[in-house]
Amino acid sequence: MSELFSNENIFLNQSFKNQEEAIEKAGQALIDAGAVTDSYIQAMKDREEVVSTYMGNGLAIPHGTEEAKNAVLQSGLTLLQVPDGVQWGDETAKVIVGIAGKDGEHLDLLSKIAITFSEEENVERILNAQSAEEIKAVFEEADA
C-alpha cells in the first residue's frame, strides 16, 4: 500500500478553514497525481453529504461516490497532516487520507488505512512526523 503514497502526495503541517477546503486539497492532489479526473472532487463532496467519512482517532478518509468510479483512472492516495485539526462534522480530523481505488481496490485500501489508524501509537507517529518517509514507514510497518 505504501507504494501508492508518493512523497508528492503527503502534505505536512496543513491547515484548512473547513472540511470542504480540505476535501478540495485532497482531491486536487489526486488529480495532480493522475489518479482521477476533475469531477472526482465533487463526488468526494457528494459522498460526505450522504455519510461522513470521519473514521475516528482523528482520521477522515474522503473518497468519491460509487457513481464516480469512472472518474478514477488509477488507484491513488494522498495524506494531509493537519496538526491543529479541521472541523469534520461534529468531529475534528487531524489526518485526512484522500483515496481513489480502481476496480474495487478502494475497499482493500480503506481496510488497511483503518487497521493502521486503529493503533493509537500509529496515529501519534503520523501526527508528529516531520517527513513523508516517516509517515510511509508507519504504513509499511502496519502492512507487514
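Partners of N7 under the side chain to side chain contact (heavy atoms under 4.5 Å, CB included) rule, at least two apart in sequence or in another chain, are A132, E133, K136. Residues passing the side chain to side chain contact (heavy atoms under 4.5 Å, CB included) test with S15, sequence neighbours excluded: none. Residues satisfying the side chain to side chain contact (heavy atoms under 4.5 Å, CB included) criterion with D46, sequence neighbours excluded, are Q42, T65. Scored by the side chain to side chain donor-acceptor pair (under 3.5 Å) test, S39 finds T37 as partners (sequence neighbours excluded). Scanning for side chain to side chain contact (heavy atoms under 4.5 Å, CB included) contacts around E8 gives S6, with sequence neighbours left out.
A donor-acceptor pair under 3.5 Å is absent between the side-chain atoms of Q14 and the main chain of Q81, judged by distance alone. No donor-acceptor pair closer than 3.5 Å links the side chain of N57 to the backbone N or O of L59. Side-chain atoms of N122 do not come within 3.5 Å of backbone N or O of F117 as any donor-acceptor pair.
The hydrophobic cluster containing Y54 does not contain I99, counting ILVMFWY residues as joined when their side-chain heavy atoms lie under 4.5 angstrom apart, directly or transitively. Residues F11 and L77 do not share a hydrophobic cluster, clusters being chains of Ile/Leu/Val/Met/Phe/Trp/Tyr side chains in contact below 4.5 Å. L12 and F16 are assigned to two separate hydrophobic clusters, defined by single-linkage of ILVMFWY side chains at heavy-atom distances under 4.5 Å. Residues M44 and V97 fall into different hydrophobic clusters, defined by Ile, Leu, Val, Met, Phe, Trp and Tyr side chains chained together at heavy-atom separations under 4.5 Å.
Considering CD1 of I113 and NE2 of H63, their distance stands at 9.5 Å, rounded to 0.5 Å. Atoms CE and OG, from M55 and S118 in turn, are 11.0 Å apart once rounded to the nearest 0.5 Å. Note that CD1 of I61 is 5.0 Å distant from CG of L110, once rounded to the nearest 0.5 Å.
Screening residues 121-130 for salt bridge (Lys or Arg N to Asp or Glu O under 4.0 Å), with sequence neighbours left out, gives R125-E141. For residues 59-81, every residue pair satisfying the salt bridge (Lys or Arg N to Asp or Glu O under 4.0 Å) rule, not counting sequence neighbours, is listed here: E66-K69.
Through direct or indirect side-chain contacts shorter than 4.5 Å among Ile, Leu, Val, Met, Phe, Trp and Tyr, L73 is connected to no other residue. In the hydrophobic clustering, where aliphatic and aromatic side chains (Ile, Leu, Val, Met, Phe, Trp, Tyr) are joined below 4.5 Å either directly or transitively, I115 stands alone.
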Open item on the list: side-chain contact (heavy atoms from CB on, under 4.5 Å) for V95 and L79? Distances and angles first, verdict last.
Closed with: CA-CA 7 Å; V95 179; L79 185 143; 3.9 Å; yes
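Closest approach of A129 and I135 over heavy atoms only: CB-CG1, 3.4 Å. Residue V72 comes nearest to Y40 through the heavy atom pair CG2-CE1, 3.7 Å, listed as atom of the first residue, atom of the second, then distance.
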Show me the donor-acceptor pairs within less than 3.5 Å that the side chains of residues 83-94 make with the rest of the protein, sequence neighbours left out.
from: Q87; atom 1: NE2; to: G89; atom 2: O; distance (Å): 3.0
from: Q87; atom 1: NE2; to: E91; atom 2: O; distance (Å): 3.2
from: W88; atom 1: NE1; to: E48; atom 2: OE2; distance (Å): 3.1

Validation: residues 21-35 side-chain donor-acceptor distances under 3.5 Å, sequence neighbours left out:
from: E21; atom 1: OE1; to: K17; atom 2: N; distance (Å): 3.0
from: E21; atom 1: OE2; to: K17; atom 2: NZ; distance (Å): 3.0
from: E24; atom 1: OE2; to: K45; atom 2: NZ; distance (Å): 2.6
from: Q28; atom 1: NE2; to: D32; atom 2: OD1; distance (Å): 2.9

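With a 4.5 Å cut-off on side-chain heavy atoms, V82 and I96 count as touching.
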